[in-house]
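First the structure, in the form of structure tokens, and then the observations on it.
Below, chains carry the letters A, B, ... as their sequence lines are ordered, and counting in each starts from 1. Predicted model only: the values in this text are computed from it and were never measured.
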Amino acid sequence: MPVRTRLAPSPTGDPHLGSAYAALFNRAFAKRNGGQFILRIEDTDRTRNSVESEAAIFDALRWLGLDWDEGPDVGGDKGPYRQSERTAIYKEYIAKLISVGGAFHCFCSKERLDELRRDQMQRGATPKYDGKCLALDSGEIDERIARGDSHVIRLGVPDKGECRFVDGVRGEITIPWSQVDMQVLIKSDGFPTYHFASTVDDHLMGISHIFRGEEWISSFPKHQLIYRYFGWDMPLHYHLPLLRNPDQSKMSKRRNATSINYYRRCGFLRESLLNYLATMGWSMPEEREKFSMEEFYGEFNPERLSPRGPVFDIEKLSWLNGLYIRELTSEELKERVFDWAFGGNRLDRLLSLVRERSERFDDLFRQADYILGDRIELKEEDFEHRNLELDEIRKILHFVNKSLEELEEWNRDNLYESLNLLSKSMSLKFRDFLGPIFVAVSGRTVTLPLFDSLELLERDVVKMRIRSAIDVLGGISKKESKRLDREWRDLVSTQSS
RNA sequence: GUCCCCUUCGUCUAGUGGCCCAGGACACUGGGUUUUCAUCCCAGCAACAGGGGUUCGACUCCCCUAGGGGACGCCA
């Protein structure tokens, strides 16, 4: 049986380091065994997908050199490789699953489900579906479907016994069926959920081995059930440890830069980022810490995978990156630095901004330093503002970050429009509102035009700088941030309606 | 709350019953090379979560406790 592995990201938000991490091991395993590595886009959540995000994933993975043998943009004979284009397939297979008794229709309302969950939580039970619609007879089901009642399709789960399975990293794992929910497989909008689409596709695409994050362990029984109902062989699963924040929690953008683009924009080399990622939860036989991807692929053996979640340490990554920089020939270095700083039309854009404000060439670098470098030291005093209190500033910055996150295409006009709107809905003078952003992004009050700067800096660096500015200003607690998120949501929605 | 996973220096890790009073790397400290800085070199600091077993012998196997993490969505 040929070795086929895959990465199955969903196009929501920034291309995550975790995707690169999973891609690395999947790709390595395929390369090592003469197999194929496949990219499949899991865009079944119609409310959260974006084409920008999909493009960003392609771009980030390609930048890293983690390209794929089959995928939405390169084709392949097991396509289509975008789940939104496979709905006919899921319809066919869900019908099969229902006919073998592996799934059933459910007409329960959201209200009933919410109440049920609340009750179960209160009693200290595992919250899950109680099986009410299991009792429906087929006549009634047909009638309600014909009537157009909103419904979903759920997975049938045994009520006794336990699910045993082998995780390639941890060995045998046992989970009682009583813990497993009757997962929704087809949503009321007719789209499949991850659990269904992913297992069907993995089978149809001939996936033989799956390296995925540890957060999937607890839903493994559902996936196993689907394979069993269909009578399919299951791929071998390796659950990769989760990359962690310094406090050991799952790496999140709240506490860390999680976007591949952030590291790229800060001037990390693909070689060192990849190399570093490969030492997280895996080690070379002789404990070599610096190695190329060719060496890694030649040596990769899943038995050396560790179950322990590693803390992502940007200091050590930086050290490695320095090693790689020093190893480049002068020619390579010149080319790559130039490309990083001025590639595409960045130089033209920079010069057009600086030109009007320059009297000498040396003004260029003085004015553009905050765009080219990422080592701004901020102090609380830098934010002192004649019209704004500290709390207000923190709030502005928090709201700005929210708005920037939601922004679709990252360009100066969109940025202007979005922030202008935000300042209006906050009833602030645009000028006052912009002040803290200037400081957060550049460390100064006198800078190049803000929206052009933001565009050049790119989303992830901007967001990161604003986040650290908020920290300098005393930070925002989780609770406060939740409250502010709500407030922001209200502001934005009243504005747009 | 329920279930699952994890536990070697601050961090990444080596270690698969004797080679380990635990090795390497980052960070840190000190020293050397260098016109400065960085690089480079040398040295130092620092860990088997705790308690029970099993065994002639346990970092390695088993159990318990503690701590950490994850999952519990018509998100993936």
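Using a 4.0 Å heavy-atom criterion, one finds that A/Gly281 contacts the sugar-phosphate atoms exclusively. Heavy atoms of A/Cys108 sit under 4.0 angstrom from at least one base atom. At a threshold of 4.0 angstrom between heavy atoms, the contacts of A/Ser219 with the nucleic acid are absent. Counting any heavy atom pair closer than 4.0 Å across all strands shown, A/Val152 reaches a base atom. At a threshold of 4.0 angstrom between heavy atoms, the contacts of A/Gln248 are confined to the sugar-phosphate backbone, with no base atom among them. Nucleic acid contact class of A/Pro307 (heavy atoms, under 4.0 Å, all strands): sugar-phosphate only. Among the protein residues, A/Arg48 comes within range of the nucleic acid bases, having at least one heavy atom under 4.0 Å from a base atom.
Side chains of A/Glu42 and A/Tyr194: no donor on one and acceptor on the other come within 3.5 Å. No side-chain N or O of A/Asp460 forms a donor-acceptor pair with one of A/Tyr263 less than 3.5 Å apart.
Counting to the nearest Å, the P atom of B/rG10 and the CG atom of A/Asp247 are 17 Å from each other. The interatomic distance linking A/His239 (NE2) with B/rC6 (P) rounds to 12 Å, in whole Å. Straight-line distance from the NZ atom of A/Lys250 to the C1' atom of B/rC5: 14 Å, rounded to whole Å. Distance CD (A/Gln179) to C1' (B/rC4): 9 Å, rounded to an integer number of Å. For A/Ile325 and B/rU39, the CD1 to P distance is 12 Å, given to the nearest whole Å. A/His195 places its NE2 atom 9 Å from the P atom of B/rC74, with the value rounded to the nearest Å. Whole-Å rounding puts the A/Asp189 CG to B/rC75 C1' distance at 12 Å. At whole-Å resolution of the value, CE in A/Met251 and C1' in B/rG68 are 18 Å apart.
Using atom C1' as the reference point in both B/rU65 and B/rC45, the two lie 32 Å apart (nearest Å). B/rC9 and B/rG15: their C1' atoms are spaced 15 Å apart (whole Å). When the P atom is used for both B/rU54 and B/rC63, the distance is 15 Å, rounded to whole Å. B/rC64 and B/rC72 are spaced 26 Å apart, taking the P atom of each and rounding to whole Å. Comparing B/rC37 with B/rG32, their P atoms sit 12 Å apart, to the nearest whole Å. Nucleotides B/rC4 and B/rG10 have their C1' atoms positioned 28 Å apart, rounded to a whole Å. Distance noted for atom C1' between B/rA58 and B/rU8: 14 Å (whole Å). Rounded to a whole angstrom, the distance from the P atom of B/rA22 to that of B/rG44 is 13 Å.
The side chain of A/Thr279 approaches B/rC12 more closely than any other nucleotide in the set B/rC4, B/rC12, B/rC26. Closest to the side chain of A/Val184, from the set B/rC74, B/rC4, B/rA76, is B/rC74. For A/Arg308, the side-chain atoms get nearest to B/rU8 when compared with the rest of B/rU8, B/rU11, B/rC74. Of the candidates B/rA14, B/rC12, B/rG70, the closest approach to any side-chain atom of A/Ser283 belongs to B/rA14. Counting only heavy atoms from C-beta on, A/Leu113 has its side chain closest to B/rC74 among B/rC74, B/rA71, B/rG68.
The side chain of A/Lys110 contributes no N or O atom lying less than 4.0 Å from OP1 or OP2 of B/rG73. An OP1 or OP2 oxygen of B/rG73 is reached within less than 4.0 angstrom by a side-chain nitrogen or oxygen of A/Arg117. For the pair A/Lys187 and B/rA76, the criterion of a side-chain N or O lying under 4.0 Å from OP1 or OP2 is met. The phosphate of B/rC74 has neither OP1 nor OP2 within less than 4.0 Å of any side-chain N or O from A/Arg46. The phosphate of B/rC3 has neither OP1 nor OP2 within less than 4.0 Å of any side-chain N or O from A/Ser218. For B/rA76, one of the phosphate oxygens OP1 or OP2 lies less than 4.0 angstrom from a side-chain nitrogen or oxygen of A/Thr44.
Checked by atom type and distance alone, the side chain of A/Asn321 never pairs as donor or acceptor with a backbone atom of A/Ser272 at under 3.5 Å.
With both pairing distances under 3.5 Å, B/rG44 is matched to B/rC28 as a Watson-Crick or G-U wobble pair. Base pairing analysis places B/rC19 opposite nothing; no Watson-Crick or G-U wobble pair with both distances below 3.5 Å involves it. Nucleotide B/rG1 forms a pair with B/rC72, judged by Watson-Crick or G-U wobble geometry with both contacts under 3.5 Å. Pairing partner, B/rU7: B/rA66, with both Watson-Crick or wobble hydrogen-bond distances short of 3.5 Å. Using Watson-Crick or G-U wobble geometry with both donor-acceptor distances under 3.5 Å, B/rU34 finds no partner in any strand shown. The partner of B/rA58 is absent, by the rule that a Watson-Crick or G-U pair needs both atom distances under 3.5 Å.
In this structure, OG1 in A/Thr44 is found 7.0 Å from CG in A/Asn49, a value given to the nearest 0.5 Å.
Annotation: cation-pi geometry not satisfied between A/Lys402 and A/Phe399 (NZ/CZ under 6.0 angstrom from ring centroid, within 45° of ring axis).
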Exercise. Please lay out, stage by stage, how A/Phe296 and A/Trp282 fare under the test ring pair (Phe, Tyr, Trp, His ring centres under 6.0 Å).
Key: CA-CA 10 Å; A/Phe296 175 55; A/Trp282 191 82; 5.1 Å; yes
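Relative orientation of the A/Tyr238 and A/Phe211 rings is parallel, given thresholds of 30° and 60° on the angle between their planes.
One donor-acceptor pair, N or O on each side, does fall under 3.5 Å between the base of B/rC74 and the side chain of A/Ser188. For A/Lys316 and B/rA27, a side-chain-to-base donor-acceptor distance below 3.5 Å is absent, hydrogens and geometry of angles not being considered.
In terms of position on RNA chain B, the residue among A/Arg304 and A/Asp45 whose nearest nucleotide sits closer to the 5' end is A/Arg304. Mapping A/Ser249 and A/Glu214 onto RNA chain B via the closest heavy atom, the residue that lands nearer the 5' end is A/Glu214.
Other residues, nucleotides and ligands contribute only 12 or fewer heavy atoms inside 6.0 Å of the CG atom of A/Asp233.
Taking the ring centroids of A/Tyr21 and A/Phe25, they lie under the 6.0 Å cut-off.
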